[in-house]
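These notes concern the structure reproduced below.
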Amino acid sequence: MFFKKKNPMVTEENDMDTRWSDFLRNFKKQKTAVVAFFVLVLLFFIAIFCYKIAPYGINEYNYAEKLQGPSMAHLFGTDEFGRDLFSRVLCGTRISLSIGFITVTIATVIGSVIGLFTGYYGGILDGITMRILDAVYAFPGLILAIAIVAILGPGLANAAIAIVIFCIPTYARLVRSCTLQLKNSVYVRAAKCLGASDLRILFKHILPGVFPDVIVQYSLSVSGSIMTTASLSFLGMGAMSPTPEWGLLLSNSRTYFYSCWHYAVFPGLAIVITVLCFNLLGDGLRMALDPKLNDRA
Amino acid sequence: MTKYILKRVGGIIVTMFLVSIFVFMIIRLIPGEPARLMLGDKATPEMIETITKQYGLDKSYFEQYMIWMKGVLHGDFGNSQRTGMPVMYEIGLRYGKTVRLALYAITWSVIAGTIIGIWSGTRAGKWQDYTGITVSVLGQAVPDFWLGMMAIMILCVKLHLFPIIPDGTFRGMVLPAFTLGAYMMSTVARFMRSSVIEALKEDYTRTARAKGLKERTVIYKHVLRNSVIPVITIIGMQLGVMLGGAVLVESVFGYSGIGLLLLDSIKYRDYTTLQMLILIISFHVVAINLLVDLLYAVVNPEIRYD
């Protein structure tokens, strides 16, 4: 394990290099995660070029061909307006992925900053913040999202706001506990002795140490966010017609449930594949970043 | 232990206070006059005035909160804006149904999850393990509502094995409970597996084996007992998720429990019911978490709480 070429002097830069190559080496061992990663890359390309690839327009009505089963012309069949389901599912990728990434990125930034400051300074502010976050935790994710959407009104943007709010406590807690551990570590104390300012210590020394945990959680949260968006849309509180959102497609398919199996199957499969890949990637990252966990679930 | 319980209960009171503020604000954050929201579109100015007086909606938020909280603590949750019946009555009608659904789901998922977890954990790296992992990874990626739809499509519509609409019989409960428990089952299986693998590496396992105990005894008496502890925490955390899932599952199966009532209360702008449902659900989550923590302390007396 330690048969790397020895550097006479370990500078910060090539220390980062070894960490990166360590990570890559460990990550490559996680076969399922590597596969998931490549599927996700594919999904990204679909999300970017979906309107170019799609054989039909997402709102191309064709009543002559409504509710048809899968065929060569329509791979996933058609919906109640004769729109091509394959095109709609394909274009749904962009919506789900962008909502997933945007919501989780915002939540990560806000949550991490809260976690860093409360963990580092502690005291009364920490106590109050943690109590508030506990209160947010008292709502099951979906219920909180439903309550927020009930206040703000239905819509994809409001659903996204709801998801950001319920993702924040996870990151704040995670980053806070890591900060608590790191703030008494030798290198942070050394930085302090050298006269580094609090902000420099927080963002230059503690943040990189927190990073691995955040990355793992990030991947898992994106899948949670995609799932919640679909759930809200399914309940009629997220995307509105004619947006080709997967949850909304499933919700619409319920009317034609007994006659058209294809309408309910394909959007669901799209959700399963996307969520599965993010979960597998998250697990793989966790193991790659913490080799001690290698044989754990 | 007493001190620990007191401290936790104190923490819960603070949490519930904050939760109640949020719930109280729901109706006041929605754009529009609260009294009109509570009465609906057909309200006459007189009715609005009566309600404004009754709930003190012209007073400060602090006074309004005190009036509202006093009502809640006395068990007066107001009347449903949709049916005009007391909210407590409406919730009471459906509460038992959701509890029943959740109990079935918890029972099967915890039993199945534990068995799959032990099965995988003790056979790590073999095909049985991979089967177990595949089941649990898939179970975590499949949305509840889609799983429910597929189950209805295949088992009810095609094979006629179960009634499509839950009719209160056990047979009608099978599919909703199966759907609701799927996520929990996968989570329990995953954590049980890693917990068993950890416990198998411990010194006490080696000692037990060295004593010449049968493998079966080693696993059931030594490994299992220690690996159950972390899983209990996970189950507690997942129960809240399950309450959220109940909304989706009840919607898919048309099962008239708390979840469906929640959706209806949003659909018909029944804000008094919505408020109370959210308060009750969050109270359950908090109470379950406390119970799990106490159970944790009982099962694992080594843990010192201070």
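The shown structure was predicted, so the numbers you read here are calculated from the model rather than taken from an experiment. Below, each value reflects all heavy atoms present in this structure, side chains not excepted, and no hydrogens, waters or symmetry copies. Naming: A, B, ... by sequence-line order, numbering from 1 per chain.
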**Study point:** Gap between atom CE of A:Met227 and atom OH of B:Tyr183 - 0.5 Å precision
**Key:** 6.5 Å

Check your understanding: Can you tell if the side chain of A:Val136 reaches within under 4.5 Å of the side chain of B:Leu18, non-hydrogen atoms only?
Key -> no

Practice item. Report yes if some heavy atom in the side chain of A:Leu276 is under 4.5 Å from a heavy atom in the side chain of B:Val137; otherwise report no. Key: yes

Review point. Given the options B:Asn289, B:Val23, B:Val252, which has more heavy-atom pairs under 4.5 Å with chain A than any of the others?
Key: B:Val252

Study note, to complete from the structure: Applying a strict 4.5 Å limit to non-hydrogen atoms, the region of A:Leu280 in contact with chain B is side chain

Review point. Step by step, would you call A:Arg254 with B:Ile152 a side chain to side chain contact (heavy atoms under 4.5 Å, CB included)?
Key: CA-CA 11 Å; A:Arg254 289 166 82 184; B:Ile152 295 178; over 6 Å; no

**Study point:** Residue B:Ile288 versus chain A: region with a heavy atom under 4.5 Å
**Key:** neither

Practice item. Check the surroundings of atom CG in B:Leu159: do more than 12 heavy atoms from other residues, nucleotides or ligands lie under 6.0 Å from it? Key: yes

**Study point:** Interatomic distance, B:Phe145 atom CZ to A:Leu235 atom CG [nearest 0.5 angstrom]
**Key:** 8.0 Å

Review point. Is it the side chain or the backbone of B:Val157 that comes within 4.5 Å of chain A heavy atoms, both, or neither?
Key: side chain

Study note, to complete from the structure: From the list A:Tyr137, A:Phe234, A:Tyr258, the residue making the most non-hydrogen contacts under 4.5 Å with chain B is A:Phe234

Practice item. Mind checking the CG-OG1 spacing from A:Asp134 to B:Thr15? Nearest 0.5 Å is all I need. Key: 5.0 Å

Study note, to complete from the structure: Taking every heavy atom of A:Ala138 against every heavy atom of B:Val19, the minimum-distance pair comes out as CB-CG2, 3.8 Å

Revision key, fill the gap. Residue from B:Val286, B:Val241, B:Leu263 scoring the most non-hydrogen pairs under 4.5 Å with chain A is B:Leu263

Review point. In terms of heavy-atom pairs under 4.5 Å with chain A, which of B:Asp144, B:Leu248, B:Leu243, B:Ile133 leads?
Key: B:Leu248

**Study point:** chain A contact via B:Phe283 - side chain, backbone, both or neither, heavy atoms under 4.5 Å
**Key:** neither

Check your understanding: Roughly how far, to the nearest 0.5 Å, is the CH2 atom of A:Trp261 from the CE atom of B:Met149?
Key -> 13.5 Å

Study note, to complete from the structure: All heavy atoms of B:Gly244 vs all of A:Pro140, minimum pair found to be N-CB, 4.2 Å

Review point. Does any heavy atom of chain B fall under 4.5 Å from the side chain of A:Val265, the backbone, both, or neither of them?
Key: both

Review point. In terms of heavy-atom proximity below 4.5 Å to chain A, should B:Leu274 be classed as side chain, backbone, both, or neither?
Key: side chain

Review point. Sub-3.5 Å donor-acceptor pair from the side chain of B:Trp146 to the main-chain atoms of A:Leu250, do we have one?
Key: no

**Study point:** Atom CE of B:Met237 with >12 non-hydrogen neighbours under 6.0 angstrom
**Key:** no

Review point. Under a 4.5 Å heavy-atom cut-off, does chain A meet the side chain of B:Ile266, its backbone, both or neither?
Key: side chain

Exercise for review: Decide yes or no for A:Asp283 and B:Arg190: does some side-chain heavy atom of the first lie under 4.5 Å from some side-chain heavy atom of the second?
Suggested key: yes

**Study point:** A:Ile146 side, atom CD1; B:Ile278 side, atom CD1 - distance, nearest 0.5 Å
**Key:** 8.0 Å

Practice item. Look at atom CZ of A:Phe101 and say whether more than 12 heavy atoms of other residues, nucleotides or ligands are closer to it than 6.0 Å. Key: yes

Check your understanding: Just how far is it from atom CG of A:Leu144 to atom CZ of B:Phe22, taken to the nearest 0.5 Å?
Key -> 5.5 Å

Check your understanding: Do you know which two heavy atoms are closest between B:Met153 and A:Ala264, and how far apart they sit?
Key -> CE-CB, 4.0 Å

Point to revise | Most contacts with chain B, counted as non-hydrogen pairs under 4.5 angstrom, among A:Ala147, A:Gly153, A:Cys277, A:Ser231 | key: A:Ser231

